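What follows is one structure encoded as structure tokens, with my remarks underneath.
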Amino acid sequence: MITDLNARLDFYRKGLEGLWTRNEVISNNIANASTDNFQSRDINFEKVMNEYMSKMRSEDFSPDHGRFKYNIEYKRGLPVNANGNNVNVDKEMVSLAENQMKYDLMTQALKYQLNLFNTVISESKG
Amino acid sequence: MSFIRALDISANGLYAQKKKMEVISQNIANADTLVTENGEPYRKQYTLMSEIRDRDFHSALDNFSQPRNGKGVSVQVITGMQEPFKMLYDPDHPLANEEGYVRMPNVNTTEEMIDMLAATRAYEANVTVMDATKEMFKKTMEIMK
């Protein structure tokens, strides 16, 4: 039960960390929307989380942070402006909103999980 | 995960765009200034934005192999742009030269207006980002409720 709790909490920790980092990356992209020669970036959140979740289902899983590391990557294939900048502010705003909703969702789910565990603990007391 | 760092990025963006607005206002206000302290017409100012990056050795090396997130944007004001002055034909003007031309500031008002619009939009975008960060932080605080 407790190892299960650990693994679950680590999953949320990892997810929230990734979403928060993405928020920082998007903030930086938007702040630099008119910087010369700036290349917009993103993090490989989905890839890392997918790996994490598929490993999570296997029997001998232990939350090992070294193996699941987020990397910041340059966005490829975007049209570049005359000043060498390739930030698309509209798209960044959409990603920002999407990211925020995912973060909301994840905190809600985490709250729910914690409530479940709370119930288990308080029921066993009585 | 640092709340302050995330807000700093947007704060830098806000400051940079505000500075840009100031420079644009200065340019437009001086679009007809024919004589400045050095005797020349007003020369336009320009803002140069650059990304703020970590300055320590490790991240300098990292920048070659792995892109990292910056810490926002910094702004630099460049004065006295060397673009040629506009020449206005007005022989009766007290400052006209022998051929009857008056040297006007090298400010292009239309260009400045468009830059101002872009700066306003960019400022608003940064405000929105700041709000989003704040909301996310609030949600983090609500986990333990």
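In what follows, every chain begins at residue 1, and chains take the letters A, B, ... in the order their sequences are listed. Nothing here was measured: the structure is a model prediction, and the numbers come from that model.
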Do you know which two heavy atoms are closest between N28(A) and G72(B), and how far apart they sit?
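Answer, listing the atom of N28(A) first, then G72(B): OD1-N, 2.9 Å.
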
Tell me whether the count of non-hydrogen atoms from other residues, nucleotides or ligands lying under 6.0 Å of [atom1] in [X] goes above 12.
X       : atom1 : result
Y46(B)  : OH    : no
Y70(A)  : OH    : yes
D131(B) : CG    : yes
M53(A)  : CE    : no

What residues of residues 82-116 of chain B sit under 4.5 Å from chain A when you count only heavy atoms?
none

Considering only heavy atoms, which portion of [X] lies under 4.5 Å from any heavy atom of chain A: side chain, backbone, both, or neither?
X       : result
K138(B) : neither
L7(B)   : neither
A132(B) : both
A125(B) : both

Test of understanding: clusters of I, L, V, M, F, W, Y form through side-chain heavy atoms closer than 4.5 Å, transitively. Do [X] and [Y] belong to the same one?
X       : Y       : value
L9(A)   : L16(A)  : yes
I24(B)  : Y123(B) : no
F38(A)  : L96(A)  : yes
I52(B)  : V129(B) : no
Y112(A) : I121(A) : no

Mind checking the [atom1]-[atom2] spacing from [X] to [Y]? Nearest 0.5 Å is all I need.
X       : Y       : atom1 : atom2 : result
S34(A)  : R121(B) : OG    : CZ    : 14.0 Å
K139(B) : Q100(A) : NZ    : CD    : 8.5 Å
I143(B) : Y12(A)  : CD1   : OH    : 10.5 Å
N12(B)  : N32(A)  : CG    : CG    : 9.0 Å
T128(B) : E92(A)  : OG1   : CD    : 13.0 Å
T107(A) : M141(B) : OG1   : CE    : 12.0 Å

Is there a donor-acceptor pair closer than 3.5 Å between any side-chain N or O of D104(A) and the backbone N or O of M136(B)?
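Absent.
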
Pairs of heavy atoms under 4.5 Å with chain B: top-ranked of [options]:
options                           : result
I43(A), L19(A), N29(A), N23(A)    : N23(A)
N71(A), N115(A), L114(A), L110(A) : N71(A)
K111(A), Q108(A), R41(A)          : R41(A)

Does any non-hydrogen side-chain atom of Y103(A) lie less than 4.5 Å from one of F137(B)?
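No - every pair of side-chain heavy atoms lies 4.5 Å or more apart.
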
Less than 4.5 Å to any heavy atom of chain B: does that hold for the side chain of V89(A), its backbone, both, or neither?
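Contact with chain B: side chain only.
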
Heavy-atom cut-off 4.5 Å, strictly under: side chain, backbone, both or neither for I30(A) against chain B?
both

Under 3.5 Å, is there a donor-acceptor pair between the T21(A) and N69(B) side chains?
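Looking only at side-chain atoms, N69(B) and T21(A) do not form any donor-acceptor pair under 3.5 Å.
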
